[in-house]
Amino acid sequence: MQTETKPKLINRLNRIEGQVRGIARMVDEDRYCVDVLTQLQAVRAALLRVKNWVLKDHLDHCVMGAMTGDDPADRKAKADELITLLARASR
């Protein structure tokens with residue numbers, strides 16, 4: 001994780017954590033199901049954005065660094081890791 005990205009990512013995750021706590025309160029207060037579902041979808045979308053952000057950071061720095069580096073074993077390891085990651089994401 002890049003040091004300039006980390007504080008933004010932590011801030012975003014803290015906001016998502018607050019959203020999840022809010023949903024728990026909504027459930028505890030027996031709020032209308034559609035309102036709870038709307039908030040759950042918002043959290044899911046926020047987590048997807050965070051996931052994509054981390055993936056982009058990984059591709060831009062970790063994978064690109066390995067692909068342009070001199071270590072063939074590291075290139076293979078990063079390529080295999082990326083294939084596994086993408087296979088998991090498509091399920």
Side-chain angles (χ1 to χ4, degrees):
M1 185 72 41
Q2 293 298 300
T3 55
E4 66 272 6
T5 304
K6 199 175 197 178
K8 293 176 186 175
L9 184 59
I10 294 297
N11 182 46
R12 185 67 186 130
L13 288 169
N14 286 336
R15 287 177 32 206
I16 292 169
E17 181 182 14
Q19 285 179 285
V20 171
R21 282 195 307 271
I23 294 169
R25 278 192 304 277
M26 291 175 75
V27 170
D28 189 48
E29 296 167 358
D30 294 322
R31 296 278 297 272
Y32 187 54
C33 295
V34 172
D35 294 339
V36 174
L37 290 167
T38 299
Q39 291 306 309
L40 287 168
Q41 182 57 38
V43 167
R44 184 176 179 203
L47 284 171
L48 181 60
R49 284 190 298 274
V50 168
K51 181 186 99 172
N52 289 338
W53 194 357
V54 172
L55 178 59
K56 182 182 181 328
D57 188 73
H58 181 62
L59 291 172
D60 288 348
H61 301 285
C62 302
V63 174
M64 192 57 79
M67 293 304 149
T68 59
D70 296 329
D71 184 352
D74 191 31
R75 284 196 298 268
K76 170 110 173 74
K78 288 297 185 222
D80 290 345
E81 176 185 81
L82 188 56
I83 290 166
T84 301
L85 180 66
L86 293 174
R88 259 191 284 156
S90 67
R91 290 184 218 154

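Scope of the values below: all heavy atoms of this structure, side chains included, with no hydrogens, waters or symmetry mates. In this text, all values refer to a predicted model and were calculated from it rather than measured experimentally.
- Residue Met67 qualifies as enclosed at atom CE: its count of foreign heavy atoms under 6.0 Å is above 12.
- Under the side-chain hydrogen bond (donor to acceptor under 3.5 Å, both in side chains) criterion, the residue pairs touching residues 73-86 are His58-Glu81, Lys76-Asp80, with sequence neighbours excluded.
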Between side-chain atoms of residues 15-43 and protein atoms elsewhere (two or more places apart, or another chain), which donor-acceptor pairs fall under 3.5 Å?
unit_1	atom_1	unit_2	atom_2	d
Glu17	OE2	Arg21	NH1	3.3
Thr38	OG1	Val34	O	2.8

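- Legend: residues meeting side chain to side chain donor-acceptor pair (under 3.5 Å) with Lys8, ordered by chain and number and at least two apart, are absent.
- Side-chain contact between Leu85 and Leu55 is present, with at least one heavy-atom pair separated by less than 4.5 Å.
- One distance of note links NZ of Lys56 with OG1 of Thr5; it measures 9.0 Å at 0.5 Å rounding.
- No donor-acceptor pair closer than 3.5 Å links the side chain of Asp57 to the backbone N or O of Trp53.
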Next item on the list: Report the C-alpha distance between Lys51 and Val54 in whole Å, list the side-chain angles of each, state the deciding distance to 0.1 Å, and finish with yes or no for side chain to side chain contact (heavy atoms under 4.5 Å, CB included).
Entry: CA-CA 5 Å; Lys51 181 186 99 172; Val54 172; 6.0 Å; no
